[in-house]
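As structure tokens, the structure follows; a few thoughts come after it.
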Amino acid sequence: MTTEAARYFSRELLSWYLEIRRDLPWRQNRDPYRVWVSEIMLQQTRVDTVIPFYERFMEKFPTAAALAEAPEAEVLKSWEGLGYYSRARNLQAGAREVVSLHGGVVPDDKEAVASLRGVGPYTTGAIMSIAFNRPEPAVDGNVMRVLSRYFCLEEDIAKPATRVGIEKLAASLIPEGSAGDFNQALMELGALVCTPKSPGCLTCPVLQHCEGRMAGKEHILPIKTKAKPPRPETRLAAIITGSGEHAGRILVRQRPESGLLAQMWELPHVLFAPGGDSTGSTAAKRRGRGAAAKAAAAAAAETAAGAAPSALEQHARQAEYMSRALSAEEGLLVRPTSWWGEMEHVFSHIIWDVQVFRAEFGFWVQSAAKQEAVTLAGAAAESAVFYEASSAAAESQALPANYRWIGPEHMKELAFPNVFVRILRDYWNELD
DNA sequence: AACCCGTGGAA
DNA sequence: TTTCCAAGGGT
């Protein structure tokens, strides 16, 4: 059908790229390790966001061997704020594979590269083509959009099968001896000209034979089914202050090895699921997505309806819920003292409405006594018994392994998700 | 196939 | 304000 249009496309796109290519940090040379790191960071992340992270990362871990030897916590800290933190751990795991299996050199071998942790079909093609100039396709969102438009392809690019088909097409377009430049040219066009909204067709180097444009479909292509909206969750977090040797510090904990925000540090918090509702508060459900930041306002508005609690009552209820849940789940007895504020955190699939409460540390409960502690926690909220129990018990108790007392100065060592960085920054700023 | 995994910029 | 989605991979 389009062998002529295809040849035109490859030729014009390549020469366009060689003219306008951006001067990016990972384009200084073709060191496969540098290419690899850049491709991992660029997964689902914009160029402008990546650049400062990349500069710092390469200065700190200039070779695969340096990355392989580094403490994992240090690598995670370097990734703080970039998101998708499993990328950091997978990258280091990959670096260790490269050191142990390939003498510290990223191999010029497709199967070996593809087997590295965190390296999938796209990244394999990117590394093989950019670092080694091998004629492998590197199909990302940009490439699917550009080729869908140019060849007027109406398959749903959200379906994995579509990517496979476009990979075959992309491979057939690679000019002899220019795989790296051509693959980057495709992505550069998608990033700078053939953008998702309002594509810049008037400045496009391949406008002349673009079938999507000729069909008047450049604005509806690519076809892509909508993603499911993220579910709202209300989280109750505690800023727990210490006394005695822990005066002036607050209690933080490290998340589990796997799952959401794996191994990141955070304020202790619990899911607010009153009445056994596992998806969050009924108020959160009614609000739906996008309005999570207005919990207090929503609660206040509900008061007008009659039965709903005021914001003050809602906070009191949440504080008690948090206290009970922390003792049941963590064996951590605290006394909430006041509502501090609210912070919203948006993931790809969840929206957290984080309600933050100030609390005073009580004591740690032994696991056998946790059930009893749940009851005690309810009474503890207003009880002097709380103080008698805590002052007697707190001194000699060991801290669980995943907990630490920290001050502002420790923020430089531990990696926190963005939401807790914001909360703690604001909290410590208020104290000055 | 359908989820799970962060964050920020642009329109 | 809301919506989209960015040089995706793992399970």
Side-chain angles (χ1 to χ4, degrees), chain A residues 21-22 24-27 35-54 76 79-91 93-94 114-127 129-130 137-146 156-163 167 170 180 183-192 194-199 219 222 224-231 255-256 258-264 266 287-294 344-352 415-422:
Chain A
R21 68 199 288 266
R22 288 172 290 179
L24 300 172
W26 45 89
R27 287 178 177 167
V35 172
W36 179 19
V37 172
S38 75
E39 291 301 338
I40 299 300
M41 285 192 172
L42 285 162
Q43 287 170 5
Q44 301 291 284
T45 312
R46 289 178 147 71
V47 166
D48 289 344
T49 302
V50 165
I51 289 174
F53 285 89
Y54 182 79
L76 195 58
W79 215 270
E80 183 189 77
L82 197 52
Y84 285 131
Y85 299 99
S86 66
R87 292 185 296 176
R89 293 185 300 136
N90 288 338
L91 179 58
S115 73
L116 297 172
R117 293 291 297 176
V119 176
Y122 162 76
T123 306
T124 299
I127 293 173
S129 62
I130 298 171
V139 175
D140 68 339
N142 282 313
V143 175
M144 288 197 284
R145 182 173 61 256
V146 168
D156 182 356
I157 66 168
K159 296 184 183 304
T162 302
R163 197 208 73 234
E167 278 177 346
N183 283 345
Q184 292 182 85
L186 272 170
M187 294 186 277
E188 200 88 337
L189 187 72
L192 300 181
C194 197
T195 49
K197 301 166 185 176
S198 62
H219 291 289
K224 185 178 186 182
T225 54
K226 286 184 168 62
K228 212 175 83 175
R231 67 175 184 275
R255 296 180 61 87
S258 62
L260 182 68
L261 301 170
Q263 294 177 256
M264 304 286 282
E266 64 180 8
R287 284 198 306 277
R289 71 164 296 182
K294 301 306 173 198
E344 187 183 64
H345 192 55
V346 181
F347 301 91
S348 303
H349 55 309
I350 309 172
I351 297 180
W352 276 359
F416 288 83
N418 198 280
V419 61
F420 294 109
V421 170
R422 294 199 308 265

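So that the names make sense, note that chain A is the first sequence line, chain B the second, and so on, each numbered from 1. In this text, all values refer to a predicted model and were calculated from it rather than measured experimentally.
- What separates CG of A:Asp48 from P of B:dA10 is a distance of 7 Å, to the nearest Å.
- Of all heavy-atom pairs between A:Pro417 and A:Met264, the closest is N-CE, 3.5 Å.
- Side-chain proximity of A:Asp140 to C:dT11, C:dG8, B:dT7: nearest is C:dG8.
- Annotation: of the two residues near DNA chain B, A:Pro160 and A:Leu260, the 5′-most nearest-nucleotide partner is A:Pro160.
- Nearer to the 5' terminus of DNA chain C, by closest-nucleotide assignment, is the contact made by A:Ala227 (compared with the other of A:Ala227 and A:Leu116).
- The residue A:Arg255 sits apart from the nucleic acid: no heavy atom pair falls under 4.0 Å.
- Nearer to the 5' terminus of DNA chain B, by closest-nucleotide assignment, is the contact made by A:Ala161 (compared with the other of A:Ala161 and A:Phe416).
- At a threshold of 4.0 angstrom between heavy atoms, the contacts of A:Arg145 are confined to the sugar-phosphate backbone, with no base atom among them.
- You'll find that the side chain of A:Ser348 is closest to B:dC5, out of C:dG9, C:dA7, B:dC5.
- Among the atoms of the strands shown, only primed sugar atoms or phosphate atoms (P, OP1, OP2) are found under 4.0 Å from some heavy atom of A:Gly259.
- In this structure, A:Thr123 reaches the C:dG9 phosphate: one of its side-chain N or O atoms is under 4.0 Å from OP1 or OP2.
- Between B:dG6 and C:dA6, the two C1' atoms lie 12 Å apart (nearest whole Å).
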Problem - Audit row: A:Arg21, A:Glu188, salt bridge (charged side-chain N to carboxylate O under 4.0 Å, His left out) steps and yes/no - result: CA-CA 7 Å; A:Arg21 68 199 288 266; A:Glu188 200 88 337; over 6 Å; no
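- Nucleotides B:dC5 and C:dC5, compared at atom C1', are 15 Å apart to the nearest Å.
- Taking side-chain N and O atoms only, A:Arg87 has no distance below 4.0 Å to OP1 or OP2 of C:dG10.
- Under 4.0 angstrom from either OP1 or OP2 of C:dA6 there lies no side-chain N or O belonging to A:Gln44.
- Contact annotation for A:Leu91: no contact, since no heavy-atom pair falls under 4.0 Å across all strands.
- Residue A:Leu24 places its side chain closer to C:dA7 than to any other of C:dG10, C:dC5, C:dA7.
- Relative to the side chain of A:Gln43, the nucleotides C:dG9, B:dT7, B:dA11 differ in distance, and C:dG9 lies closest.
- Looking at A:Asn142 and A:Arg145, their side chains do bring a donor and an acceptor atom within 3.5 Å of each other.
- Note on A:Ala191: only backbone sugar-phosphate atoms sit closer than 4.0 angstrom, heavy atoms only; bases stay farther off.
- Across all strands shown, A:Lys159 has no heavy atoms under 4.0 Å from either base or sugar-phosphate atoms.
- Proximity of A:His349 to the phosphate of B:dC5: a side-chain N or O atom is located under 4.0 Å from OP1 or OP2.
- One atom, NZ of A:Lys228, and another, P of C:dT3, lie 16 Å apart when rounded to the nearest Å.
- Between the side chain of A:Thr45 and the base of B:dG6, at least one donor-acceptor pair of N or O atoms lies under 3.5 Å.
- The backbone N or O of A:Glu266 sits nowhere less than 3.5 Å from a side-chain atom of A:Arg255 that would complete a donor-acceptor pair.
- For A:Tyr85, a side-chain nitrogen or oxygen approaches OP1 or OP2 of B:dT7 to under 4.0 Å.
- Spacing of P atoms, C:dA7 relative to B:dA11, comes out at 14 Å, to the nearest Å.
- At the heavy-atom level, A:Val119 lies under 4.0 Å from the strands shown only through sugar-phosphate atoms.
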Report task. Determine, step by step, whether A:Phe347 and A:Leu261 satisfy the side-chain contact (heavy atoms from CB on, under 4.5 Å) criterion, reporting the C-alpha distance in whole Å, the side-chain angles of both residues, the deciding distance to 0.1 Å, and the verdict. Result -> CA-CA 10 Å; A:Phe347 301 91; A:Leu261 301 170; 3.8 Å; yes
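- For the pair A:Asn418 and B:dG8, the criterion of a side-chain N or O lying under 4.0 Å from OP1 or OP2 is met.
- When the C1' atom of C:dA7 is taken as reference, atom CD of A:Gln184 falls 9 Å away, rounded to whole Å.
- In this pair, A:His345 and A:Trp352 present their aromatic rings tilted. The plane angle is within the 30 to 60° band.
- Checking B:dC5, C:dA7, C:dA6 against the side-chain heavy atoms of A:Arg27 singles out C:dA7 as nearest.
- Per the geometry, CZ belonging to A:Arg89 stands 14 Å off C1' belonging to B:dG6, to the nearest Å.
- The residue A:Leu261 sits close only to the backbone: its heavy atoms come under 4.0 Å of sugar-phosphate atoms, none of a base.
- When rounded to the nearest whole Å, the span between CD1 of A:Ile130 and C1' of C:dA7 equals 8 Å.
- Between the NZ atom of A:Lys226 and the P atom of B:dC3 there is a distance of 17 Å, rounded to whole Å.
- Counting non-hydrogen atoms under 4.0 angstrom, A:Trp26 reaches a base of the nucleic acid.
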Using side-chain hydrogen bond (donor to acceptor under 3.5 Å, both in side chains), reason through A:Glu39 and A:Tyr122 one step at a time and then give a plain yes or no. CA-CA 9 Å; A:Glu39 291 301 338; A:Tyr122 162 76; 2.6 Å; yes
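- Considering all non-hydrogen atoms of both residues, A:Gly118 and A:Gln43 come closest at O-NE2, 3.6 Å.
- Rounded to an integer number of Å, the gap from A:Ile40 CD1 to C:dA6 C1' is 15 Å.
- Distance CZ (A:Arg117) to P (C:dG10): 6 Å, rounded to an integer number of Å.
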